[in-house]
Every structure is written in structure tokens, then in C-alpha cells.
**Q** 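Here you go, one structure.
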Amino acid sequence: MLSSLLARNQYSSRIPSFREAFSLLAGRPLRWVPQLLGFLVVIWYFGPIIRGGPPDDYVYELPLPIQHPHLPPLYKPPTASANDWKLRSHQVREAFVHSYKGYRDHAFPADELGPMSGKIHNNFNGWGVTIYDALDTMWIMGLTEYFEEAVKVIGEASYTTKPKQYVPFFETIIRHLGGLLSAYALSKDPILLQQADRMGEMLLPAFNSESGLPAYAISTRTNATRGGWTGNTLWAEALSNQLEYKYLAHITGKPEYFEKAERCMQLMYEANVTDGIFPTQWNTKTGAPSNNKFSVGAFADSAHEYLLKQWLMTSRSETKIKDLYLNASKSIIEHLLYITPNREMLYVTDADMLKPSPPKPNASPESPRTTTQGATSTPSSVPSGTFEHLSCFLPGLLALGVQTLDLPESEKEIHLWAAEGLAYSCWLTYADMKTGLGPDVMSMKMYPKNEDGLWLPRVEKWKQQGRSGRPPGLREPGAASEKAGRDYTIYKRSYLLRPEALESFYIMWRTTGNPVWRERGWTIFQAIEKYAKTEIGYASIVDVDKSSTKAPVKDEMPSYFLAETLKYLYLLFTDEEIIPLDRWVFNTEAHPIPIFEWTETEKKLFNIN
């Protein structure tokens, strides 16, 4: 264009005026108008990304918050902009869509997807556990088409087991029944209530043991039950059904749901257990403790959760449950929290509790410990030094307790310090790894004398010396390589797409307002995207400390990845509090259940004191 104008004036040194150039261009509109329009479209679409926010079509309608959106207390300015967090929450939503679409295309309606092979995995009941676990996440993320399709499939389910088939009671309660109840509470779809009632009734005979403790597995065809590999009822199995069955009793009016779940609680009230040191295994026939191991790990984790959350769910009306939580959390802090010698990492382990020697006649200890039957004793413990990823739920639970319990200031301070220190150690196990993903189990370095590593005495000593600097266990050492020394060795090197650390990061952010927990969650999500993503889903990592650009993966995508991991990430990156913590409690599979009050009629019908 301009070249032709210049060619006409090649013997003249005069530069064409703007008016002459514009006249020449305007004379050929078909050449420049499409380019100009294309340029404007590009600027309109990609402009928000250039500025740091998502394009308009990334912005979808969030479900309205159940109560009202509000910022967490002690809110601090975010390290990233609001548009950054909106884009990050959208990326988590896209990760969920990628996962569920892969499952839907290759494994629906089986239990789980093999994200490498595309094979189906019916490793639970064959009832489509991924559908149930993902249901409320779909609702929260506004994925209504997936949700409606899933409800239609659920409405046709019968829950009758095949001949000789037994389904695991604990997993079915927290995943299937919890998913149904949560999705019903959010959507009020009557099909979900109908199916929750049907499933709850069919699983109820699991409680028909001599003691009332639930069996490991049940046949819903014959009502026959069978025990697990330990021969006992795990504490987590006994105390991880009360949220689901008490809420089901509330919305159906059926007293049998409350009575069966409450029978397990009555056993805890009456147990000869010192100061809330509940062991991990219980005799299914007698209802008595059958070992002396105290833990917040795999055999006990969700039971600790349900002590506090039961009390919260029923509007803080069942005070005996609150007392159990207070005693148990106090004993966790006293007996299970340790720090490592070099990096001062605060961690929680399990311990064999030694029976105390009987008190001497006329002895009057300064601080006698009490049992639920009135005896006094002071137990001692032998820690294992094992630190499980599963235990990383604990800092979130402690932080929730700090926010909801009327604790004395001194206890509130200790609980919050424990939450902060443990959450940072959980983060550090991710930051230390070459993939940026945390291992499943660590073996922590311990002091030559176990008692020298106990956290609480070190905190008390720090207080006495004037509180200089940060408390022990909260001094936040930086990431370290294996060669530099980490104060632990990796016992199980896999990352199984677990949610516990992210769960605690979410609650820590919501209760303290510190945005560092959001940034740490974002770093973990980026590592998941880099190492776990496959063409049709996300896969567990075999070795989190491999230096290769693509870590080896396992052909499994657990349903809890959609129920918990992605849900907590999404909520962590969303400014609005879609599920307010003062109106909802999350069951141990991250299914939100609403807080309610027992009516006077219910109190009489269920015999609630």
C-alpha cells in the first residue's frame, strides 16, 4: 500500500502526508478492514489475560453461598490479585472436568477410572463410587449437566449386593451415603433423599453386633456381616458414621438411625479410657478396647474429626461429645506431638501407651489425670516416629476447634501453635521433594531419649525463658534435599492424590486469613498438573522424589481426588465462602453437611438429653 505510493514518488524526496496516506488506504477497504476487526477481537478476548485475569467466558455463575460470603477473620491483603485467584479456581474446575470427563468416557458407571489405561476399576461396591463422591463437587462448581445426569443414574440404583458380595461399611458410609446427603442438602433433590434413606436402612444391620459396634462389611442381600483383617472394629470405623446417620435421622424422622449411631458414642462415654486416649482397636463383641495404641493416623483419624464435628453439627447441643474431643486433643498434644532434633519440624506420630503403675496409698499427685470411670493415673508413651500424610488433617481440625470452642486463652494459644506448626511440616514434606508432592509416610528422626523430643515441654520452657522469637516447632526451616538432611526418611514414597494437607491449608486460611496457605496450595496444584495429569485423568505418583521430568505413575485415580482434593483446592482459591464453616461441617470425605438444631419433638423421639 504505502510502497506503491512511494513508488509513484520515487523521483521525489517528499514524504507523503498523513492525509495522502490515509486516502490511499481508505480507497482499498477490503484489504485493511478485516485485519483491523481481527486485531480488535484479539485485544478484546486476550486483553484480560494480558492484564492478569481470565477472559469473560471463564467466568461462570457460582452457586450462591449458603449463608453469605465473608472474608476470614484477621484478613490480610492477598499476595495475588482477585483475578489471579479467579483464574486459579477456574483451572481447578477444569481439572475436575478433565478428570470426570475421562471417567465418564471410559469407566462410567463403574467405581473408578484407570487414568493411564482407560480401564474400569470396580474396587469398592461396583456402585459407581466416583459418581457419589463427585456429586457435591459438581454442584459447588456449577456443573449442572453432570450433576443432573448423575442424579438420574443414582435414582435407578438398588444397592443390593451380589450373592456372596460384602461391601465395606466405613467406606460406603463416608463416600456413598455422605455424598448423597451432602448433595441433597445443597440441591434439595428428593431423589437423593429417597436413595440416602434406602441406603442408610440397608446398611443399618452392620450395627447388629453384641456390643453395637459396626462390622467391617455387610451383605445388603442377606444382612450378613463379616469382620476385617484385624478381627476388631477400628476406632475410625466405630466413630465415622454419626454425622451421616444423625443427619439422616433429622431429615427422615427415623429414630433407628440415631439410636444405632449413638450406641457407639455411649460405649465411648462408658469406656475405661484415660483422658481421651482412645485406642485404635475395639473388640466388636464386648465393645471394650483391644490394644493400647494411640494415634491420629489411618485407624483413628476420622474418629477424632467426628468428635468435634458431631458437636458442631447439632448446634453444640451434645456437650458430652465436646468433652471427649477436649480430652482427646489435650492428650494428642501432650503425648503425640514431637519435634525433630535439627530442623525442629513439629510432627504428630502414634504411640504405644504404657499402663501406669497403681498410685501409692495416700499419694496426692499435683495434677492427677482422670479416667471416664473416675480413676487417677498418668500414662507414659513409646512413640513410633511415623508421620503419615493422613495425619495432616489434624492441623485443620485443631484450627477449627480454636475458632469454635470457648477455650481458655492459654489453651487456645497452644492449639493454634500446634495447628500452624503441623500444617507447615505437612507443607515442608511437599516442598522438600523433587516433584513438589508429599510422600505418603515418613519416618522422623528422633532424639536419643524420646522424652527430649516432646513438643509441649519445650514450649513451656520457651515461655519460661521469655518467649524470644517463634515457639519451638514454628520456626519454619526452608526446604531441604535428601543430601542436605531432612530430619526424616521416606518410608512410603508414593503420592496417592491425597487431600489432607490441602484440607488443612483451606481451614487455616479461612480461620486465620493468612494468604500463605493459598499460595502453598497453588504450588501443590501446579505440581499435580505437571506430574499427575494424564490424557484422560490424574494418576497417583509412584516416587515423589524422582528427579526425572515425568515421575512414574500408578494406573489409579481414587474417587476422593474429585470429592476432596479438587474440592478443597477450589474452595481455597475462591474468595467467596461458598460453604461457610459456621453453617456446615465437612465429613471425612469432604462432603458438607448442614448444621441444624434438634427440635423438641426429635429430642423426645430420639431420647436426646
**Q** Between Ser425 (side chain only) and Met345 (backbone N and O only), is there a donor and an acceptor less than 3.5 Å apart?
**A**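 Judged by distance alone, no pair lies under 3.5 Å.
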**Q** Can you pull the side-chain hydrogen bond (donor to acceptor under 3.5 Å, both in side chains) pairs that have at least one residue in residues 532-541, sequence neighbours excluded?
**A**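 Found Glu529-Tyr538, Ser540-Glu556.
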**Q** In chain order, what residues pass the salt bridge (Lys or Arg N to Asp or Glu O under 4.0 Å) check against Asp432, with sequence neighbours excluded?
**A**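 Asp432 satisfies salt bridge (Lys or Arg N to Asp or Glu O under 4.0 Å) with Arg343 once adjacent residues are dropped.
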**Q** Given the rule in the salt bridge (Lys or Arg N to Asp or Glu O under 4.0 Å) test, do Asp575 and Arg518 qualify, once you have shown the distances and angles that lead to the verdict?
**A** CA-CA 11 Å; Asp575 286 333; Arg518 301 181 93 182; 3.0 Å; yes
**Q** Does anything in residues 393-426 form a disulfide (SG to SG under 2.5 Å)? List the pairs, not counting sequence neighbours.
**A**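 For residues 393-426: Cys392-Cys426.
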**Q** Would you check if the side chain of Ser302 reaches a backbone N or O of Ser240 as a donor-acceptor pair within less than 3.5 Å?
**A**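 No, the answer is negative, given that no donor and acceptor are paired below the 3.5 Å cut-off.
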**Q** Atom OH in Tyr338, atom CG in Leu456: separation rounded to 0.5 Å?
**A**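 These two atoms lie 11.5 Å from each other.
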**Q** Taking the six-membered ring where the residue is Trp, are the ring centres of Trp455 and Trp462 under 6.0 Å apart?
**A**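 Ring centroids of Trp455 and Trp462 are no less than 6.0 Å from each other.
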**Q** Are Phe586 and Tyr568 an aromatic pair, judged by ring center distance below 6.0 Å?
**A**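 Tyr568 vs Phe586: aromatic centres under 6.0 Å.
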**Q** Heavy-atom distance under 4.5 Å between the side chains of Leu405 and Leu407, does that happen here?
**A**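 Side-chain contact under 4.5 Å: yes.
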**Q** Do side-chain atoms of His389 reach the backbone of Met442 as a donor and acceptor pair under 3.5 angstrom?
**A**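 Checked: no pair found.
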**Q** Distance-only, no hydrogens or angles: does the Glu237 side chain make a donor-acceptor pair with backbone N or O of Leu234 under 3.5 Å?
**A**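 Yes, Glu237 side chain to Leu234 backbone: donor-acceptor pair under 3.5 Å.
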**Q** Just checking, is any N or O donor in the side chain of Asn327 or Asp275 under 3.5 Å from an acceptor N or O on the other one?
**A**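 The answer is no; no qualifying pair exists.
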**Q** So do His304 and Leu394 actually touch side chain to side chain, heavy atoms under 4.5 Å?
**A**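 No. Closest side-chain heavy atoms not under 4.5 Å.
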**Q** Flag the pair His98 / Tyr103 as yes when their ring centroid distance falls below 6.0 Å, and as no otherwise.
**A**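 They do not qualify: ring centres at least 6.0 Å apart.
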**Q** What residues, two or more places apart in sequence or in another chain, satisfy side-chain hydrogen bond (donor to acceptor under 3.5 Å, both in side chains) together with Asn450?
**A**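 Partners of Asn450 under the side-chain hydrogen bond (donor to acceptor under 3.5 Å, both in side chains) test: none.
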**Q** When you check the gap from the basic side-chain N to the acidic O, do Arg467 and Glu413 get nearer than 4.0 Å?
**A**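 Result for this pair is yes, salt bridge flagged.
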**Q** Tell me the closest heavy-atom pair linking Ala185 and Tyr247, and the distance in Å.
**A**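 Nearest heavy atoms, Ala185 then Tyr247: CB-OH, 3.5 Å.
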**Q** Which residues pass the side chain to side chain contact (heavy atoms under 4.5 Å, CB included) test with Ser384, not counting sequence neighbours?
**A**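 Residues passing side chain to side chain contact (heavy atoms under 4.5 Å, CB included) with Ser384: Thr349, Asp350, Thr386.
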**Q** For Tyr132, check side-chain hydrogen bond (donor to acceptor under 3.5 Å, both in side chains) against everything at least two apart and list the hits.
**A**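 If we apply the side-chain hydrogen bond (donor to acceptor under 3.5 Å, both in side chains) test to Tyr132, skipping adjacent residues, the hits are Tyr159.
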**Q** So do Thr314 and Ser317 actually touch side chain to side chain, heavy atoms under 4.5 Å?
**A**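 Touching, per the 4.5 Å side-chain cut-off.
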**Q** So which atom in Gly521 and which in Leu572 form the shortest heavy-atom distance, rounded to 0.1 Å?
**A**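 For Gly521 versus Leu572, the nearest heavy atoms are CA-CD2, 3.8 Å.
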**Q** When you compare the side chains of Thr130 and Asp133, does any donor N or O come within less than 3.5 Å of an acceptor on the partner?
**A**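 No, no side-chain donor-acceptor contact under 3.5 Å.
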**Q** Any non-hydrogen side-chain atom of Glu244 less than 4.5 Å from a side-chain atom of Thr588?
**A**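 A side-chain contact under 4.5 Å is absent here.
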**Q** Closest heavy-atom contact between Leu398 and Ser329?
**A**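 For Leu398 and Ser329, the tightest heavy-atom pair comes out as CD2-CB, 4.4 Å.
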**Q** To the nearest 0.5 Å, how far apart are CG in Leu312 and CZ in Arg583?
**A**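 These two atoms lie 12.5 Å from each other.
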**Q** Let me confirm one number: the CG-CG distance from Leu308 to Leu326, rounded to the nearest 0.5 Å.
**A**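 Those atoms lie 8.5 Å apart.
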**Q** Is any NZ, NE, NH1 or NH2 atom of the basic residue among Glu589 and Lys567 found under 4.0 Å from an Asp or Glu carboxylate oxygen of the other?
**A**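 Salt bridge: no.
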**Q** Can you name the salt bridge (Lys or Arg N to Asp or Glu O under 4.0 Å) partners of Lys309, sequence neighbours left out?
**A**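 Counting only residues at least two positions away or on another chain, Lys309 forms a salt bridge (Lys or Arg N to Asp or Glu O under 4.0 Å) with Glu305.
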**Q** Just to verify, what does Asp301 make a side chain to side chain contact (heavy atoms under 4.5 Å, CB included) with, not counting sequence neighbours?
**A**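 With neighbours one apart ignored, the set is Ala236, Leu390, Phe393.
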**Q** Should Asp545 and Arg486 be marked as a salt bridge (Lys or Arg N to Asp or Glu O under 4.0 Å) after you check the CA-CA gap, both sets of side-chain angles, and the distance that decides it?
**A** CA-CA 13 Å; Asp545 211 24; Arg486 292 170 172 163; 3.0 Å; yes
**Q** Less than 4.5 Å apart, any side-chain heavy atom of Asn123 and any of Glu112?
**A**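 When only atoms from C-beta onward are counted, Glu112 and Asn123 do touch, with a gap below 4.5 Å.
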**Q** Are the side chain of Ser381 and the backbone of Pro383 linked by a donor-acceptor contact shorter than 3.5 Å?
**A**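 Such a contact is absent between Ser381 side chain and Pro383 backbone.
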**Q** Identify the heavy atoms of Met557 and Ser99 that sit nearest to each other, and give their distance.
**A**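 The answer is CE-O, 3.6 Å.
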**Q** Using modelled atom types and a 3.5 Å cut-off, is there a donor and acceptor pairing between side-chain atoms of Thr340 and backbone atoms of Lys445?
**A**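 Pair absent, no side-chain N/O of Thr340 close to backbone of Lys445.
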**Q** Given side chains that start at C-beta, do those of Val542 and Ser494 come closer than 4.5 Å, heavy atoms only?
**A**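 Sidechains of Ser494 and Val542: no contact.
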**Q** Answer yes or no: does atom CZ of Phe596 have more than 12 heavy-atom neighbours from other residues, nucleotides or ligands under 6.0 Å?
**A**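 Yes, enclosed.
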**Q** Atom OG1 of Thr404 and atom NZ of Lys322: how far apart are they, to the nearest 0.5 Å?
**A**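 One gets 10.0 Å once the value is rounded to the nearest 0.5 Å.
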**Q** What verdict does the salt bridge (Lys or Arg N to Asp or Glu O under 4.0 Å) test give for Lys330 and Glu334, after you've listed the backbone C-alpha separation in whole Å, the side-chain angles of each residue and the deciding distance to 0.1 Å?
**A** CA-CA 6 Å; Lys330 187 173 188 293; Glu334 290 181 358; 2.6 Å; yes
**Q** Return the set of residues passing side chain to side chain contact (heavy atoms under 4.5 Å, CB included) with Gln91 (not counting sequence neighbours), or none when no residue passes.
**A**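 Once residues adjacent in sequence are excluded, the partners of Gln91 under the side chain to side chain contact (heavy atoms under 4.5 Å, CB included) criterion are Leu87, Trp522, Phe525.
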**Q** Name the orientation class of the two ring planes belonging to Tyr100 and Phe96 (parallel below 30°, tilted from 30 to 60°, perpendicular beyond 60°).
**A**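 Tyr100 and Phe96: parallel rings.
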**Q** Kindly write out the residues that satisfy ring-ring contact (aromatic ring centres under 6.0 Å, His included) with Phe147, not counting sequence neighbours, or none if the list is empty.
**A**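 Applying ring-ring contact (aromatic ring centres under 6.0 Å, His included) to Phe147 gives Trp139.
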**Q** Who are the side chain to side chain contact (heavy atoms under 4.5 Å, CB included) partners of Ser182, not counting sequence neighbours?
**A**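 Counting only residues at least two positions away or on another chain, Ser182 forms a side chain to side chain contact (heavy atoms under 4.5 Å, CB included) with Asp136, Leu186, His591, Pro592.
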**Q** Is the shortest side-chain N to carboxylate O distance from Arg104 to Glu145 below 4.0 Å?
**A**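 Salt bridge absent between Arg104 and Glu145.
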**Q** Any donor-acceptor pair under 3.5 Å linking the side-chain atoms of Ser559 with those of Arg175?
**A**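 Yes, a side-chain donor-acceptor pair sits under 3.5 Å.
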**Q** Check the pair Asp440 / Arg498 against salt bridge (Lys or Arg N to Asp or Glu O under 4.0 Å), numbers first and verdict last.
**A** CA-CA 9 Å; Asp440 205 45; Arg498 290 202 190 276; 2.6 Å; yes
**Q** Taking atom CD as the centre, does Glu597 end up with more than 12 heavy-atom neighbours from other residues, nucleotides or ligands that are less than 6.0 angstrom away?
**A**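 Not more than 12 within 6.0 Å, no.
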**Q** State which residues pass salt bridge (Lys or Arg N to Asp or Glu O under 4.0 Å) with Arg475; sequence neighbours excluded, sorted by chain then number.
**A**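 Scan of Arg475 (salt bridge (Lys or Arg N to Asp or Glu O under 4.0 Å), adjacent residues dropped) gives Glu344.
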**Q** For a quick test of reading the model, state the closest non-hydrogen atom pair linking Gln403 to Leu581 and the distance between them.
**A**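 Residues Gln403 and Leu581, closest heavy atoms: NE2-CB, 4.5 Å.
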**Q** When you measure from the side chain of Tyr430 to the backbone N and O of Ala501, does any donor-acceptor pair fall under 3.5 Å?
**A**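 Such a contact is absent between Tyr430 side chain and Ala501 backbone.
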**Q** Give, for atom CE of Met444 and atom OG1 of Thr489, the distance between the pair rounded to the nearest 0.5 Å.
**A**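 It comes to 9.0 Å.
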**Q** Minimum heavy-atom separation for Gly178 to Asn587, with atom names?
**A**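 So the minimum-distance heavy-atom pair works out to CA-ND2, 4.0 Å.
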**Q** Given Trp85, which partner from the list Phe573, Tyr570, Trp509 fulfils the ring pair (Phe, Tyr, Trp, His ring centres under 6.0 Å) test?
**A**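 The ring pair (Phe, Tyr, Trp, His ring centres under 6.0 Å) with Trp85 is passed solely by Phe573 among Phe573, Tyr570, Trp509.
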